[in-house]
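Reviewing the structure listed below.
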Amino acid sequence: MIVLGIESSCDDTAVGIYDSERGILSNVVSSQVDLHKEWGGVYPELAAREHTKNITAVLDLALKEAGLRLKDIDVVSSTVAPGLIVSLVIGSSAAKTISLSLKKPFIPVHHIEAHIYANFIYKEESYPFIALVVSGGHTELYLVEGFGNYRLLGKTLDDAVGEAYDKVARILNLGFPGGPVIDKISKKGQKTLHLPKPLSRKKEEHRFNFSFSGLKTAVLREVKNSKVCQIEDIACSFQETAVDILVEKTVDAVKEFNVKDVVVAGGVSANSRLRERLMEESKVHGFNVDFPPLSLCTDNGAMVAFAGYKRALKRPEGYPLTVETKARLPLEKFESFINSF
Ligand code: KG4
Ligand code: ZN
């Protein structure tokens with residue numbers, strides 16, 4: 001089965017092609033990062049305009065790299081939720097148009113499901129597992145008991161961890177996106193600051209919830225008050241604290257639900273320190289931890305094509321083209337949402 005995947009939920013225009021026999025055939029991402037830099041974050045209207053400009057060129061390139069023609073595609077999938085609504089509409093309208101003209105099934109994909117299953121493009125999954133989802137818009141812990149079977153354990157009550165990285169980078173004048181640069185310069189710094197870890201030792205209702213807004217504000221306070229701190233030390237102190245919070249809650253979830261596997265998903269799964277710390281903890285506590293290959297951590301079309309493939313196995317006839325795009329839609333409600341059309 002050859003599946004086309006279109007991803008346009010935020011600022012990347014991406015098209016990937018997955019073949020169930022040969023794996024990923026192409027994965028083209030057109031990044032808008034330079035355009036959004038001057039805003040210090042993603043500017044929704046600009047993102048939508050760029051998707052419109054780029055989508056056909058990205059699609060052409062993905063087909064060319066895969067050595068395919070449009071008529072060779074068996075299934076067409078796109079991210080329909082969650083994300084910037086106009087951006088989602090552009091990618092999904094393209095996918096629906098292709099599906100209609102080729103008379104091939106349309107498969108709607110949830111962005112977070114695609115991030116999680118990017119771990120399994122080249123590796124068989126085994127259930128149950130804990131998924132730590134860490135991106136620019138999400139910080140969540142799920143207990144996953146099957147494809148489409150997600151139990152939300154906890155989520156951020158304010159900023160996502162990637163958003164905190166981006167905001168701290170802005171405070172430190174490091175540009176956008178903040179994650180990769182903070183990751184890089186932290187290696188040259190020391191953890192010199194004692195920063196707060198909100199909700200870290202909480203039990204019961206907030207046990208698996210996160211909060212990163214106070215951590216970002218604490219960094220801002222330190223930067224304003226201190227004239228002697230090295231930027232590398234501030235970055236390192238922030239990163240160590242953020243990673244500590246993520247690792248502590250993940251290990252707690254592993255113990256609570258007695259699972260043997262953890263997968264990490266989303267843009268922040270590229271973080272070198274998070275990888276290192278979770279690997280260490282996995283040895284201490286006896287679980288396996290998986291991260292997607294670096295090229296599949298941030299937004300891309302191949303992960304959408306693969307999630308589309310997994311869903312097409314469950315429903316080969318596809319879904320009606322009337323399935324809507326949604327700016328907000330919790331992963332655990334996705335299955336019932338798309339089945340309601
Ligand atoms: O998944 P993604 O590409 O887009 C969303 O769905 O949000 O994630 C983007 C986020 C950004 O906040 C970016 O700063 C962060 O992932 N990121 C990183 C790293 N690479 C990307 N954060 C920490 N360390 C990294 N190496
Ligand atoms: Zn993402």
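The shown structure was predicted, so the numbers you read here are calculated from the model rather than taken from an experiment. Indexing begins at 1, ligand by ligand and atom by atom, following the structure's order. Scope of the values below: all heavy atoms of this structure, side chains included, with no hydrogens, waters or symmetry mates. Sequential numbering from 1 along the given sequence is applied to the chain's residues.
A heavy-atom separation below 4.0 Å is found between Ala270 and ligand 1. Within the 4.0 Å heavy-atom cutoff, Lys184 does not count among the residues contacting ligand 1.
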Take Phe120 and Phe129, measure what ring pair (Phe, Tyr, Trp, His ring centres under 6.0 Å) needs, and give me the verdict at the end. CA-CA 12 Å; Phe120 304 122; Phe129 61 82; 5.3 Å; yes
Could you go step by step and tell me if Ile24 and Leu296 meet the side chain to side chain contact (heavy atoms under 4.5 Å, CB included) rule? CA-CA 11 Å; Ile24 296 173; Leu296 297 175; 4.0 Å; yes
Go through the steps to decide whether Lys37 and Asp34 satisfy the test salt bridge (Lys or Arg N to Asp or Glu O under 4.0 Å), and finish with yes or no. CA-CA 5 Å; Lys37 259 187 182 140; Asp34 289 338; 3.3 Å; yes
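Between the Asp12 side chain and the Ala14 main chain, no donor and acceptor come within less than 3.5 Å of each other. With hydrogens and angles ignored, the 3.5 Å screen pairs a side-chain donor or acceptor of Asp233 with a backbone N or O of Gln190. Side chain of Thr250 to backbone of Leu246: a donor-acceptor contact under 3.5 angstrom is found.
In terms of N/O distances under 3.5 Å, ligand 1 is not approached by Pro177. Between Ser272 and ligand 1, no N or O atom pair is found at a separation short of 3.5 Å. Geometrically, ligand 1 and Asn271 share a nitrogen or oxygen pair separated by less than 3.5 Å. In terms of polar-atom proximity, Gly267 is counted as a contact of ligand 1, with an N or O under 3.5 Å from an N or O of the ligand. When only interatomic distances are considered, the shortest N/O to N/O separation between Thr298 and ligand 1 does not fall below 3.5 Å. Geometrically, ligand 1 and Gly162 share a nitrogen or oxygen pair separated by less than 3.5 Å.
Protein N/O/S atoms found under 2.8 Å from the Zn ion (ligand 2): His111 NE2, His115 NE2, Asp299 OD1.
When only non-hydrogen protein atoms are considered, atom 22 (N) of ligand 1 lies nearest to Gly179 CA, 3.2 Å. Of the protein's non-hydrogen atoms, the one nearest atom 26 (N) of ligand 1 is Asp183 OD2, 3.0 Å. Nearest protein heavy-atom neighbour of atom 15 (C) of ligand 1: Val268 CG2, 3.9 Å. Of the protein's non-hydrogen atoms, Gly136 N, 3.5 Å is the one closest to atom 10 (C) of ligand 1. Closest to atom 2 (P) of ligand 1, if we only count protein heavy atoms, is Asp299 OD1, 3.3 Å.
Across all their heavy atoms, Ala81 and Leu88 have their closest contact at N-CD2, 3.9 Å.
In summary, the atoms of ligand 1 found under 4.0 Å from a heavy atom of Gly137, numbered by their order in the structure, are 7 (O). When each atom of ligand 1 is checked for a heavy atom of His111 under 4.0 Å away, the hits are 6 (O). Within the listing of ligand 1, atoms 1 (O), 6 (O) sit less than 4.0 angstrom from a heavy atom of His115.
A cation-pi contact links Arg315 to Tyr319, judged by a cut-off of 6.0 Å to the six-membered ring centre and 45° from its axis.
Between the side chains of His110 and Glu335, no donor-acceptor pair is found at a separation under 3.5 Å. Checking Ser8 against His51 by side-chain atom types alone, no donor-acceptor pair falls below 3.5 Å. For the residue pair Glu113 and Tyr150, a side-chain donor N or O sits within less than 3.5 Å of a side-chain acceptor on the partner.
Taking the six-membered ring for Trp and thresholds of 30 and 60 degrees, Tyr117 and Tyr127 have ring planes inclined between 30 and 60 degrees apart.
Note on Glu280 versus Arg275: no salt bridge recorded, every NZ/NE/NH1/NH2 to OD/OE distance being 4.0 Å or above.
The residue His138 has no part lying near ligand 1, judged by heavy-atom distances below 4.0 Å.
Residue Glu240 forms a salt bridge (charged side-chain N to carboxylate O under 4.0 Å, His left out) with just one option from Lys191, Arg273, Lys197, and that option is Arg273.
Of the candidates Asp166, Asn300, Ile112, it is Asp166 that places a heavy atom closest to atom 12 (O) of ligand 1.
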